[in-house]
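Reviewing the structure listed below.
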There are 2 protein chains.
Amino acid sequence: MAKLKSIGQINTKSLRERVLDSLRTAIITGELKPGETLVETDLASQFGVSRAPLREAINILNAEGLVETLPYHGTTVKKLARKDIEELYSVRSMMEGFAIQRIIDNGRASTVAEALRAICQKMLAAAEKDRLIEVNRIDRVFHDTIIANAQNQLLTSLWNNVTIRVQQVMSLRNQSKGDLQQITLNHLTIVAAIEAENVVEAVQLINDHIGSAGDLIVEGWEEPEP
Amino acid sequence: MAKLKSIGQINTKSLRERVLDSLRTAIITGELKPGETLVETDLASQFGVSRAPLREAINILNAEGLVETLPYHGTTVKKLARKDIEELYSVRSMMEGFAIQRIIDNGRASTVAEALRAICQKMLAAAEKDRLIEVNRIDRVFHDTIIANAQNQLLTSLWNNVTIRVQQVMSLRNQSKGDLQQITLNHLTIVAAIEAENVVEAVQLINDHIGSAGDLIVEGWEEPEP
DNA sequence: ATGCTGTAGACTGTCGACAATCGACAAAAA
DNA sequence: TTTTTGTCGATTGTCGACAGTCTACAGCAT
């Protein structure tokens with residue numbers, strides 16, 4: 001068979017998928033703000049599709065918990081109260097702690113620690129240049145790596161759902177996050193605890209780490225009126 | 001305004017919701033078995049609705065992870081491999097352990113212990129009569145109560161997703177579960193640890209409890225061919 | 001004024017029909 | 001025979017139109 005190197009996979013995703021991705025991204029990036037309503041007719045004509053695939057996309061966003069639909073009243077982007085964010089970060093903490101325990105129990109501590117250290121190195125480089133966005137991106141990779149190495153698909157899928165909201169929260173509050181280099185160092189202490197296979201300490205450190213990140217976000221968060 | 005006691009709320013749920021509930025129940029009870037395919041046209045005429053609400057219901061089941069859809073190839077009930085079940089039970093264990101920690105940290109140990117003890121009493125009564133189904137139902141209430149008292153809505157919604165699959169697994173394997181009375185006693189030791197505010201022990205006990213329940217299910221589980 | 005009733009407009013919920021895609025098998029080409 | 005191409009039937013993906021439901025406001029009666 002002829003192999004044409006200039007030809008790539010053309011986009012075969014269904015309209016539902018494409019609309020879903022667009023909407024999700026819009027919510028995560030804060031382009032669609034909490035409380036804003038999604039009118040099917042408007043969005044459909046905006047995307048140039050009919051209402052059917054658009055409705056299906058909205059249903060999925062509903063199941064993911066990013067929007068809320070009241071029958072015959074329309075769909076709105078879910079509002080984020082302080083309590084929601086606290087819950088978000090404590091659930092996140094639970095998952096990462098569990099993952100670390102799994103990693104150590106499965107004897108993968110040194111392997112994972114190595115991978116994490118490499119990530120930290122990149123983070124440090126970005127931190128030195130004060131590239132906040134880059135640091136955030138690498139930070140996500142760091143935590144994704146921890147979860148992935150628990151080798152538990154169910155955990156991973158729950159995690160994906162949770163991190164979507166974390167990203168949303170962070171973009172609604174493009175925060176300074178304090179001293180970037182200090183943050184990187186915090187990550188390294190976690191890596192060290194994992195490498196030492198010290199479950200209790202590693203879990204403690206990750207709890208503190210996530211907890212203080214959450215506190216920073218929650219600090220001065222404006223409650224939405226109900 | 002006149003109050004008519006013989007009049008109740010009539011069912012106003014949308015077709016999508018009703019179809020969704022029916023399908024979900026069918027999957028949970030094992031009426032729809034893993035691997036079975038859901039043909040939109042057939043189901044729609046079976047329910048007496050058009051394909052639109054049916055498709056929306058299927059999309060939600062997809063997001064919940066109960067079914068799998070291949071584009072243009074149809075939807076099938078997700079197969080359950082041994083690994084899936086192990087993951088299910090370990091995630092469940094993580095959640096309950098976290099919930100217990102939260103309950104104790106929030107100083108609600110005695111309140112919750114009291115409620116749990118009452119549930120155990122009912123369980124014991126059902127166990128003495130060897131009413132397996134009843135014991136299972138109360139067992140669910142017991143664990144739901146633990147989660148609910150963590151007072152974390154995000155945790156609760158993740159929990160609901162997880163327990164749906166637990167129910168599915170259990171109905172696919174209408175298990176004996178060993179000695180019913182012994183099980184009830186296990187629950188009581190957990191309650192005692194909570195009441196004593198002994199986080200480490202309570203978490204350890206719940207891990208063992210869930211773990212052994214999972215082992216019983218996994219034991220002799222037939223792997224589905226892929 | 002106050003409270004009920006009924007319309008209007010906007011939006012969501014549902015439907016039936018049509019288009020697109022796939023696997024399998026038959027037909028044609030090598 | 002082996003490989004490629006065309007066609008068919010089944011099923012999903014998408015569309016435009018219509019029906020149902022809600023809120024707000026106007027009109028009417030008290």
Side-chain angles (χ1 to χ4, degrees), chain A residues 1-4 7-24 27 32 35-64 66-78 225-226, chain B residues 1-4 7-24 26-27 32 35-78 225-226:
Chain A
M1 190 181 87
K3 284 177 189 166
L4 312 179
I7 295 183
Q9 278 288 88
I10 64 176
N11 196 349
T12 75
K13 276 192 186 172
S14 67
L15 294 184
R16 173 184 67 232
E17 295 293 335
R18 278 184 271 179
V19 169
L20 177 59
D21 287 346
S22 294
L23 288 178
R24 199 175 11 224
I27 293 175
L32 280 170
E36 220 164 321
T37 78
L38 311 184
V39 178
E40 295 176 2
T41 319
D42 294 357
L43 289 174
S45 67
Q46 236 173 290
F47 283 118
V49 302
S50 80
R51 278 178 54 220
L54 191 123
R55 275 175 64 82
E56 297 187 354
I58 287 186
N59 280 326
I60 295 174
L61 291 177
N62 246 300
E64 289 177 356
L66 289 177
V67 302
E68 247 173 347
T69 298
L70 290 172
Y72 292 106
H73 277 256
T75 302
T76 60
V77 180
K78 220 184 216 169
E225 73 277 6
Chain B
M1 189 182 88
K3 284 180 190 168
L4 311 179
I7 296 184
Q9 279 288 87
I10 62 175
N11 197 349
T12 74
K13 276 193 189 173
S14 67
L15 294 184
R16 173 184 67 233
E17 294 293 333
R18 278 184 271 177
V19 168
L20 177 59
D21 287 347
S22 295
L23 287 179
R24 203 182 356 233
I27 293 175
L32 280 170
E36 220 164 321
T37 78
L38 312 184
V39 178
E40 295 177 3
T41 317
D42 293 357
L43 289 174
S45 67
Q46 237 172 291
F47 282 118
V49 302
S50 80
R51 277 178 54 218
L54 191 123
R55 274 175 65 83
E56 296 188 355
I58 286 186
N59 279 326
I60 295 175
L61 291 177
N62 246 299
E64 289 178 355
L66 289 177
V67 302
E68 247 172 348
T69 298
L70 289 173
Y72 292 105
H73 277 258
T75 302
T76 60
V77 180
K78 221 185 217 171
E225 73 277 6

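Basis for what follows: all heavy atoms, side chains included, without hydrogens, waters or symmetry-related copies. In what follows, every chain begins at residue 1, and chains take the letters A, B, ... in the order their sequences are listed. These numbers come from a predicted model, not from an experiment.
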* Of all heavy-atom pairs between Leu20(A) and Ala57(A), which one has the smallest distance, and what is that distance? -> CD1-O, 3.7 Å
* Separation of dA19(D) P from Leu15(B) CG (nearest whole Å) -> 16 Å
* Which residue lies more 5' along DNA chain D, comparing Pro71(A) with Thr75(B) via nearest heavy atoms -> Thr75(B)
* side chain to side chain contact (heavy atoms under 4.5 Å, CB included) between Arg16(A) and Ile60(A), worked out -> CA-CA 10 Å; Arg16(A) 173 184 67 232; Ile60(A) 295 174; 4.0 Å; yes
* With no hydrogens and no angle check, is any side-chain donor or acceptor of Arg51(A) less than 3.5 Å from a backbone partner on Ala44(A)? -> no
* Asked: Does Glu40(A) offer a backbone N or O that forms a donor-acceptor pair with the side chain of Arg55(A) under 3.5 Å?
  -> no
* Phosphate OP1/OP2 of dT21(D): any His73(A) side-chain N/O under 4.0 Å -> no
* What integer distance in Å separates Tyr72(B):OH from dT21(C):C1'? -> 5 Å
* To do: Would you mind reading off the distance between Glu40(B) atom CD and dT21(C) atom P, rounded to a whole angstrom?
  => 16 Å
* To do: Please work out if Thr41(B) contacts a base, only the sugar-phosphate, or nothing of the nucleic acid, heavy-atom cut-off 4.0 Å.
  => base
* Asked: Listed in order of residue number, which residues of residues 50-58 of chain B have a non-hydrogen atom at under 4.0 Å from DNA chain D?
  -> Arg51(B), Arg55(B)
* **Partner of Thr75(B) under side chain to side chain contact (heavy atoms under 4.5 Å, CB included), chosen from Leu66(B), Val67(B), Leu61(B)** => Val67(B)
* Structure fact -> Arg24(A) meets the salt bridge (Lys or Arg N to Asp or Glu O under 4.0 Å) criterion, sequence neighbours left out, with Asp21(A), Glu64(A)
* Asked: When the distance from CG of Asp42(A) to P of dC11(C) is rounded to whole Å, what number comes out?
  -> 6 Å
* **Whole angstrom value for the distance that separates P of dT14(D) from CG of Leu20(A)** => 12 Å
* Euclidean distance, atom NZ of residue Lys13(B) to atom C1' of dG13(C) [Å, nearest integer] -> 16 Å
* Using atom CZ of Arg16(A) as one end and atom C1' of dC15(D) as the other, report the distance to the nearest whole Å. => 15 Å
* d(CG, Asn59(A); P, dT14(C)) in whole Å -> 10 Å
* **Ser45(A) to Asp42(A) - nearest heavy-atom pair and separation** => OG-O, 2.9 Å
